[in-house]
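Accompanying notes for the structure given below.
Just the heavy atoms: all of them, side chains too, but no hydrogens, waters or symmetry mates, feed the values below.
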Amino acid sequence: MDRYRALFAAVSLWIALPAAHAGMDDLDITCVAKKLDQTTKVSSGGGDANVTKEQWGYEVTLENKAFKDLAGLEIKYITFYKTEQLGSKAPPTQKHKSGASKIETIKGHEKAAFKTDAVELKKSSLSGGYTYADGAKISVQDALVGLWIRVYQNGAQIAEFAKPTSLVTKEKWQ
């Protein structure tokens with residue numbers, strides 16, 4: 001009988017204690033890549049290059065799956081992208097850009113969104129049918145690789161998201 005009283009007391013205490021932080025299952029994170037701006041420089045001929053510069057970022061949505069509000073959220077993220085050099089035989093170079101955002105409160109069963117800082121991606125190609133004598137690239141295109149997000153509440157990490165998920169195993173959080 002004493003064993004049941006102790007168990008009942010422990011369960012009652014656990015139920016009465018407020019949760020200090022949201023759990024990983026309380027937050028659903030999605031992201032969509034968005035082109036924010038674009039400028040193009042068209043070649044005047046004679047072996048010049050056509051260059052298009054685009055500003056890309058992610059629109060991130062956080063959905064509170066819990067009944068209780070989530071307050072004081074700090075979001076840290078890393079945007080990964082690759083760049084290529086026109087006239088080079090080198091493989092693409094992977095780069096990253098870190099950023100952060102804050103969300104004061106997400107009410108229970110509601111959503112909040114933010115946009116990551118933009119990265120500049122270029123598309124370049126030689127004009128007029130020109131080529132490089134050494135066989136270097138005559139057309140290159142930078143590209144987004146993915147986004148890695150960590151969400152903190154009161155200094156403790158409560159959620160993590162990566163698109164693609166392989167970023168977590170291939171890259172280091174910086």
Side-chain angles (χ1 to χ4, degrees), residues 10-11 14-15 17-39 51-125 136-137 139-174:
V11 169
W14 175 75
I15 291 172
L17 289 175
H21 304 290
M24 289 274 207
D25 295 333
D26 291 343
L27 200 58
D28 188 29
I29 304 170
T30 57
C31 71
V32 176
K34 299 270 184 176
K35 181 168 47 169
L36 307 172
D37 192 25
Q38 175 179 319
T39 58
V51 179
T52 300
K53 295 179 182 179
E54 300 174 339
Q55 299 294 319
W56 283 82
Y58 286 93
E59 186 173 301
V60 180
T61 303
L62 291 84
E63 182 177 359
N64 181 357
K65 297 288 204 171
F67 288 105
K68 63 183 186 282
D69 294 354
L70 292 176
L73 300 179
E74 181 182 2
I75 299 100
K76 295 181 181 180
Y77 61 86
I78 305 173
T79 302
F80 293 91
Y81 59 103
K82 66 176 185 165
T83 62
E84 294 185 274
Q85 189 66 39
L86 186 65
S88 171
K89 291 183 176 182
T93 304
Q94 182 144 316
K95 297 183 177 185
H96 67 275
K97 183 175 183 179
S98 300
S101 185
K102 290 189 178 196
I103 296 177
E104 292 302 319
T105 303
I106 306 175
K107 296 201 177 286
H109 291 284
E110 290 192 9
K111 297 178 182 182
F114 71 94
K115 292 180 182 171
T116 64
D117 294 333
V119 295
E120 183 177 87
L121 303 178
K122 296 178 187 176
K123 296 178 189 176
S124 304
S125 61
K137 299 173 190 171
S139 182
V140 294
Q141 181 173 343
D142 300 345
L144 288 174
V145 173
L147 181 66
W148 189 356
I149 299 171
R150 288 185 175 171
V151 181
Y152 299 87
Q153 184 181 40
N154 301 323
Q157 183 180 331
I158 62 165
E160 186 168 30
F161 170 85
K163 182 178 180 180
T165 55
S166 61
L167 284 177
V168 177
T169 57
K170 290 182 180 178
E171 302 299 329
K172 291 183 182 176
W173 184 264
Q174 300 176 357

Spacing of [X] atom [atom1] and [Y] atom [atom2] [to the nearest 0.5 Å]:
X	Y	atom1	atom2	result
Leu27	Leu73	CG	CG	7.0 Å
Leu167	Glu160	CG	CD	10.5 Å
Ser101	Ile75	OG	CD1	5.0 Å
Asp117	Ser98	CG	OG	10.0 Å
Gln38	Leu36	CD	CG	11.5 Å
Lys76	Arg150	NZ	CZ	9.5 Å

side-chain contact (heavy atoms from CB on, under 4.5 Å) between Ile149 and Ile29, intermediate numbers included: CA-CA 9 Å; Ile149 299 171; Ile29 304 170; 4.0 Å; yes
* To do: Any chance you could lay out the side-chain contact (heavy atoms from CB on, under 4.5 Å) test for Leu144 and Val119, step after step, and finish with the verdict?
  => CA-CA 9 Å; Leu144 288 174; Val119 295; 3.8 Å; yes
Could you tell me whether a side-chain N or O of [X] sits under 3.5 Å from a main-chain N or O of [Y], the two making a donor and an acceptor?
X	Y	value
Thr116	Tyr58	yes
Thr165	Ala162	no
Gln153	Ala71	yes
Thr105	Lys107	no
Asn64	Ala66	yes
Lys163	Cys31	yes

Considering non-hydrogen atoms only, spot the tightest contact between [X] and [Y] and give its length.
X	Y	answer
Tyr77	Ala100	CE2-N, 3.4 Å
Ala118	Gln55	CB-OE1, 3.7 Å
Val145	Lys82	CG2-N, 3.8 Å
Leu86	Ser125	CD1-CA, 4.2 Å
Lys68	Asp26	NZ-OD2, 3.5 Å
Asp69	Gly108	OD1-N, 3.0 Å

Those residues at least two apart in sequence (or on a different chain) that pass side chain to side chain donor-acceptor pair (under 3.5 Å) with Gln85 are none
In sequence, state the C-alpha distance, the side-chain angles, and the governing distance for Ile103 and Leu62, and then conclude on side-chain contact (heavy atoms from CB on, under 4.5 Å). CA-CA 10 Å; Ile103 296 177; Leu62 291 84; 4.0 Å; yes
Discussion item. Tell me whether Lys53 at atom NZ has more than 12 heavy atoms from other residues, nucleotides or ligands lying less than 6.0 Å away.
Written reply: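 No, because the 6.0 Å sphere around NZ of Lys53 holds 12 heavy atoms or fewer from other groups.
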Tell me whether the count of non-hydrogen atoms from other residues, nucleotides or ligands lying under 6.0 Å of NZ in Lys97 goes above 12.
yes
Heavy-atom check, side chain of [X] versus side chain of [Y], under 4.5 Å:
X	Y	result
Trp148	Trp173	yes
Val140	Thr83	no
Lys89	Lys137	no

| query | In terms of side-chain geometry, is the basic nitrogen of Glu54 or Lys35 positioned less than 4.0 Å from the acidic oxygen of its partner? | reply | yes
Checklist line | Exercise: do Trp56 and Glu120 side chains pair donor with acceptor under 3.5 Å | finding: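 No, no side-chain donor-acceptor pair sits under 3.5 Å.
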Decide yes or no on side chain to side chain donor-acceptor pair (under 3.5 Å) for Glu171 and Gln94, but give the supporting numbers first. CA-CA 10 Å; Glu171 302 299 329; Gln94 182 144 316; 2.9 Å; yes
Verdict with supporting geometry, Tyr81 and His96, ring pair (Phe, Tyr, Trp, His ring centres under 6.0 Å): CA-CA 6 Å; Tyr81 59 103; His96 67 275; 8.4 Å; no
Is the charged tip of Lys95 near the ring of Phe80: under 6.0 Å from the six-membered ring centre and within 45° of its axis? no
